[in-house]
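Working notes for the structure below.
Below, read A as the first sequence line, B as the second, and so on, with proteins coming before strands; counting in each chain starts at 1. FYI, side chains are in, hydrogens and waters are out, and symmetry mates aren't considered; it's all heavy atoms of this structure. These figures come from a predicted structure and were not determined experimentally.
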Protein chains: 2
Amino acid sequence: MSTIKDVARRAGVSLGTASRVLSGSASTSPESRAKVQAAAAELGYITHGPARSLRRSRTDVLGLLVSDIRNPFFSELAHAAESEAMKRGYTVLLANANEDEVQADEYLRIFASQRVDGLLLSPQGPVTPRLAALLASRLPVVLLNRSVEGLDAPLYATDNAQGVGLVLDWLERRGHRDVAFVGGPVTISTGAERQAAYIAGREAHGISTDDAFVDAGDFLAEGAAAAMIRILDRGVIPTAVFGANGPTTLGALRGLRERLGVEAASRIEVISFDDLEWFEFVSPPITSVRNDAAAIGRLGVAGLIDLIEGREAVSARIAMSLVDRSLMSGPLVDRPQTGHRVP
Amino acid sequence: MSTIKDVARRAGVSLGTASRVLSGSASTSPESRAKVQAAAAELGYITHGPARSLRRSRTDVLGLLVSDIRNPFFSELAHAAESEAMKRGYTVLLANANEDEVQADEYLRIFASQRVDGLLLSPQGPVTPRLAALLASRLPVVLLNRSVEGLDAPLYATDNAQGVGLVLDWLERRGHRDVAFVGGPVTISTGAERQAAYIAGREAHGISTDDAFVDAGDFLAEGAAAAMIRILDRGVIPTAVFGANGPTTLGALRGLRERLGVEAASRIEVISFDDLEWFEFVSPPITSVRNDAAAIGRLGVAGLIDLIEGREAVSARIAMSLVDRSLMSGPLVDRPQTGHRVP
DNA sequence: CTGTTAGCGCATTCAG
DNA sequence: CTGAATGCGCTAACAG
C-alpha cells in the first residue's frame with residue numbers, strides 16, 4: 001500500500017501539499033492539485049484511516065447498537081441509519097446486542113476502543129458502569145426507540161401511547177372484549193410504555209380488565225409463545241390478541257396454534273405493534289400499527305451528527321399508522337358472540 | 001480519555017512496561033503487572049484502537065459486505081458472523097450493498113480506508129476495478145454464497161444443485177407438472193445456478209418444460225412479483241410455484257394474489273429456496289429448502305481468519321434440508337387434475 | 001500557496 | 001525483566 005509520502009514524491013511536491021490536496025483542507029495551486037491527483041490515481045492511493053483518525057482525533061465513525069438485528073424493525077432501522085450516515089460522510093459500526101445486556105456492554109467497550117465519534121443506542125436495560133463512563137467522557141449519544149432512566153439524551157422513538165390508542169380504537173370498533181395482551185419486558189421502556197398505555201385505556205374501550213388476559217415475554221418469539229400459552233392455560237379464550245412488537249406477535253401466533261390448533265386459532269383476530277411483510281397472508285390477516293423504523297434511523301443519525309458538530313438535537317416521537325387488514329376478511333362469523341358489541 | 005502514558009505514570013513504571021502489561025506481549029514482573037492493572041482500572045483506560053492499528057499495521061476488523069441486510073438470510077448470516085468474529089477477537093464492520101453494485105464499490109473503498117484485515121464478500125456482480133485492486137493488494141477475501149468469475153477465493157455457500165434437487169423431488173412427489181419458476185438475476189451465481197439446476201432437472205421429474213412458466217426477478221420482492229405476473233399474463237395457470245430465494249417467494253405470493261385473487265391463489269402450492277419464519281402461517285403452508293445462513297457466516301469467518309493468520313482455507317458447500325409443510329395440509333383437493341400424477 | 005516540522009498513542013526495538 | 005528511543009501515516013501549525 002502506498003502512503004501519502006509516495007504520492008508526494010511521485011507528484012514532486014512536499015508531504016504537506018499532498019495532504020492538503022488529498023484532504024481538501026486548504027487551498028492549493030491548480031498545478032499541484034493536478035499533479036497530486038494524478039500521482040494518487042496512478043498509485044491507487046487510499047487514505048490510511050487509522051493514521052488519519054489518530055492525528056485528527058476523530059474517526060468519522062458512528063456506533064450503532066441495536067437490540068436484535070434479526071428483528072425486521074431493527075434491520076430496517078440499521079439500513080436507513082447506515083445510508084443516511086454514508087450520505088453525510090460517516091461510517092456506521094453496527095453491533096447487535098441480541099437483547100442481552102452483557103453483550104451490549106462488550107460492544108460498548110469495542111466502540112470506546114475504536115473511538116467512535118458518537119453513539120446510537122437502543123438500550124437493553126439500566127445504565128451500566130461502562131455506559132456511564134462513556135457518558136462521562138462526553139461522547140455524543142442519542143437513544144433509539146428505548147429510553148433509560150438517568151440518561152439524558154435525545155430520543156427518537158415511536159409514539160407508543162398514540163400507537164396503543166390506535167390499537168384500542170380498532171379493538172373497540174371490532175367489538176372485542178376478551179383481548180389477550182402479550183407484552184415485552186417492563187424493564188425496557190417500550191415494553192413498559194406499551195403495557196401501561198394498554199392497561200390504562202382498555203376499560204374505556206370496553207375491554208375486559210381481567211389480568212388473566214395479560215402476560216409478557218422477552219420481545220423475542222420464543223418468550224412470547226410461552227407467555228401466550230400461559231394466558232391460555234389460565235382457562236380464558238380471547239377473541240383477539242395484541243402483540244407488543246413484531247417477534248412477539250410471531251410467538252403469540254405460534255402459541256395460539258400450539259394450544260388451540262389451527263382451526264380455533266384462526267377464529268381469533270390478531271393485532272400487532274410493528275408491521276411485518278407477511279401479515280397479509282395469515283388467516284385472518286393481521287392488523288398492525290406501523291412503526292416507521294427508517295424514519296427513526298434517519299432522524300437518529302441526523303440528531304447525532306448535530307450533537308457531534310456542536311449543534312442542538314431535539315427528541316422526536318414518530319407517529320404510528322394503523323394498517324387495518326380486517327377489511328379484507330369482514331367480521332369474524334364464527335367468533336363466540338357472548339358479551340360482544342358487534343360493530 | 002487517559003492514555004497509556006497516564007497509566008504508566010500513575011503505576012510508576014515506564015511506557016514500555018505499561019504497554020507490555022496491557023497487551024500481554026512480553027513477560028513482566030508480577031508487581032509491575034499489578035500496579036499497571038490497578039492504574040488502568042482506576043483511570044478507566046481503554047486502548048486507543050486507531051493508534052494501536054497504526055502501529056501494528058492491523059486492525060482486527062473484518063469487513064462484511066452483504067447484498068441486502070433486510071433479507072433474513074443475510075441478517076442471520078451477519079449475526080452469526082459477528083458473534084463468531086467477536087469470540088475470536090475480531091470486530092465486524094458490516095455494510096449493506098442493497099443489491100447495488102455502485103454502493104458495494106463505495107463500501108469497498110471504506111473498507112480499504114479502514115484497513116480491514118480481511119473481507120467477507122457476497123458479490124453483486126463482476127469484479128470491479130476497486131475489488132481487483134484490493135485483491136492485488138493481497139487482502140484476504142472469502143466469498144459468501146455467491147461466486148464471481150475471475151475471483152479465486154474460498155467460497156462458503158449453499159449447495160444450490162442439491163437444494164434444487166430436494167425441490168424437484170418434492171414437486172414430483174406432490175404430482176406437479178405445471179410449475180412456475182420465479183428466479184433471480186442470472187448475473188448472480190446463485191440465480192444462475194438455481195435456475196440451471198431447475199431447468200436441467202425438471203423433465204426427469206415430470207415437470208413441464210414450457211418456458212412460459214419460467215421468469216426471473218431481482219431477488220427482491222417487487223421484482224419477483226412482477227415476474228410472477230408476467231408468467232400469469234402468458235395465460236398459463238401453474239399448480240405450484242417455486243421461488244428462488246426468500247424475498248422472491250414473498251413477491252411471487254403477492255403477484256399470485258394480485259392476479260388471481262386470494263381464493264384461486266390458495267389453490268396453488270408454493271415452495272421456496274430459503275425458509276422464512278412465517279411460511280407455516282400461509283394457506284396452504286409454504287414448503288421450503290432451508291439454507292443454513294448461520295453456518296455460512298460462521299464458516300466464512302473461520303475461513304477468513306485462517307487466511308489472515310497464514311493458514312489454508314478450504315471452500316465448503318452447505319447442504320440444504322427440506323422443510324416439508326405439505327404434510328400439514330394434505331393433498332390439494334381443488335387442484336385441476338389434468339395430467340397430474342397424484343402421489 | 002508551499003515546505004518543514006512536530007506529534008497524535010501505541011508497540012517494539014535495543015541496551016542494560 | 002525494564003527503560004529509553006523510534007516511527008507507524010497522517011494533519012496542522014508555522015515560517016517562508
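A:D60 has its CG atom 13 Å from the C1' atom of D:dT11, to the nearest Å.
B:S67 and B:R146 share a donor-acceptor pair across their side chains, judged by distance under 3.5 Å alone.
Using a 4.0 Å cut-off, some side-chain N or O of A:S27 falls inside it from OP1 or OP2 of C:dC1.
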Pair B:E31-B:K35, salt bridge (Lys or Arg N to Asp or Glu O under 4.0 Å): steps then yes or no: CA-CA 6 Å; B:E31 304 98 71; B:K35 283 188 296 183; over 6 Å; no
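Where the helix from C:dC1-D:dG16 to C:dG16-D:dC1 starts and where it ends, the local axes point in directions that differ by 40°; five pairs per end, rounded to 10°.
When heavy atoms are screened at a 4.0 angstrom cut-off, B:S53 is found touching no nucleic acid atom at all.
Every residue meeting the side chain to side chain contact (heavy atoms under 4.5 Å, CB included) condition with A:N98, not counting sequence neighbours, appears here in chain and number order: A:D68, A:R70, A:N96, A:Q103, B:H79. Partners of A:P247 under the side chain to side chain contact (heavy atoms under 4.5 Å, CB included) rule, at least two apart in sequence or in another chain, are A:N71, A:N245. Qualifying side chain to side chain contact (heavy atoms under 4.5 Å, CB included) partners for A:A104, counting only residues two or more places apart in sequence or in other chains: A:L65, A:A97, A:Q124.
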Under 4.0 Å protein heavy-atom contacts per nucleotide of nucleotides 9-16 of chain C, with B for base, S for backbone only and - for none: BBBBB---
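Sorted pairs that involve residues 292-305 of chain B and meet side-chain hydrogen bond (donor to acceptor under 3.5 Å, both in side chains), not counting sequence neighbours, are lacking altogether.
With contacts defined as side-chain heavy-atom distances shorter than 4.5 Å, the pair B:F219/B:T190 qualifies.
Atom CD of B:E149 has 12 or fewer neighbouring heavy atoms from other residues, nucleotides or ligands inside a 6.0 Å radius.
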